[in-house]
Amino acid sequence: MLYEIAKPFVMGVVRVVWDPTIEGREHIPETGAVILASNHHSYADTVFLPGQVRRTVHFLGKSDIFTGASPWNRVAASIMRGLHVMPVDRTGGSAASSAIAGALLAVLEAGEILGIYPEGTRSPDGRLYRGKTGVARVALATGAPIVPVAMLGVHEAHQGRKYLPRRRPRIRVVVGKQVDARSVALSLGAADEGTVLRAVTDHVMDRIQELSGQERTEEYAADVKRRLREASARREV
């Protein structure tokens with residue numbers, strides 16, 4: 001309910017302040033399960049993307065946002081839940097992975113839109129990082145089409161800021177044509193599951209890169225962030 005109430009108000013403010021645009025909205029089906037697979041630059045992506053989509057978009061959010069004791073965490077948790085952001089434990093392990101998979105499948109089995117950032121975390125430098133295969137696994141399990149999305153201008157507008165981007169450059173959302181994960185899998189013949197998952201994921205990342213024009217790297221964003229944290233810790237010692 002909060003989503004439906006807040007969306008017009010939030011997007012009214014967003015349009016006045018940032019005036020974002022969206023291209024290719026017609027590629028998002030009006031009904032039925034669909035996966036929006038987007039690149040990821042900032043927390044603001046989860047406002048600028050679903051705010052310009054007519055249907056409700058369900059995203060996953062790291063559990064830290066929902067469990068903190070500070071007033072900010074409590075307010076943020078209430079807002080996130082009301083906006084259909086589902087808390088997930090990203091620390092790893094089979095139990096956490098099963099919980100994430102269950103949450104994703106439940107959204108799609110209900111015929112809703114699921115928003116996924118295949119990179120798994122925000123890009124630390126504006127490049128497009130290696131996609132994690134969860135997007136392929138869920139698409140193959142449900143048959144839901146994957147719609148690639150590129151967020152443009154967010155990295156530049158957010159440099160030096162954590163939450164609210166600058167007003168320039170203008171933020172653009174570019175939506176591409178649907179990807180049928182099962183068709184990609186069938187084209188691989190008798191390949192093993194790991195090969196299929198990687199191929200489907202790479203195909204989706206190719207489409208995102210075509211839309212965004214980002215420099216591509218085959219590293220995982222989480223690995224790069226970990227190295228940056230370790231280097232920073234060594235400098236402080």
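- Between Val173 and Thr21, every side-chain heavy-atom pair lies at or beyond the 4.5 Å cut-off.
- When side chains are defined from C-beta on, Arg25 does not count as touching Val53, because their heavy atoms never get closer than 4.5 Å.
- Using a 4.0 Å cut-off between a side-chain N of Lys or Arg and a carboxylate O of Asp or Glu, Glu219 and Lys225 do not qualify as a salt bridge.
- With sequence neighbours excluded, no residue forms a side-chain hydrogen bond (donor to acceptor under 3.5 Å, both in side chains) with His27.
- The closest side-chain heavy-atom distance from Thr217 to Arg127 is below 4.5 Å.
- Between Val34 and Ile113, the shortest heavy-atom distance links the atoms CG1-CG1, 3.2 Å.
- Note on residues 168-179: pairs passing side-chain hydrogen bond (donor to acceptor under 3.5 Å, both in side chains), not counting sequence neighbours, are Asp19-Arg170, Glu23-Arg172.
- Take Glu156 and apply the side-chain hydrogen bond (donor to acceptor under 3.5 Å, both in side chains) test, not counting sequence neighbours, and it matches no residue.
- Counting all heavy atoms, side chain and backbone alike, Met205 lies closest to Tyr129 at CE-O, 3.3 Å.
- Remark: the Thr201 side chain and the Lys132 side chain contain no N/O donor-acceptor pair separated by less than 3.5 Å.
- Using a 4.5 Å heavy-atom threshold, the side chains of Val13 and Arg15 count as separate.
- Looking at Ile22 and Phe48, their side chains never come closer than 4.5 Å, going by heavy atoms from C-beta outward.
- A cation-pi arrangement is not found for Arg122 relative to Tyr117, the charged atom failing to lie both closer than 6.0 Å to the ring centre and inside a 45° cone about the ring normal.
- Connection of Val174 to Val179 is not established within any shared hydrophobic cluster, with ILVMFWY side chains joined at heavy-atom distances below 4.5 Å, either directly or through further cluster members.
- The aromatic rings of His155 and His41 sit tilted relative to each other, their planes meeting at an angle between 30° and 60°.
- Of all non-hydrogen atoms in Ala150 and Ile208, the two that sit nearest each other are CB-O, 4.2 Å.
- Counting only N and O atoms by type, the side chains of Gln214 and Asn39 include a donor and acceptor under 3.5 Å apart.
- Between Arg54 and Ile28 the shortest side-chain heavy-atom distance does not fall below 4.5 Å.
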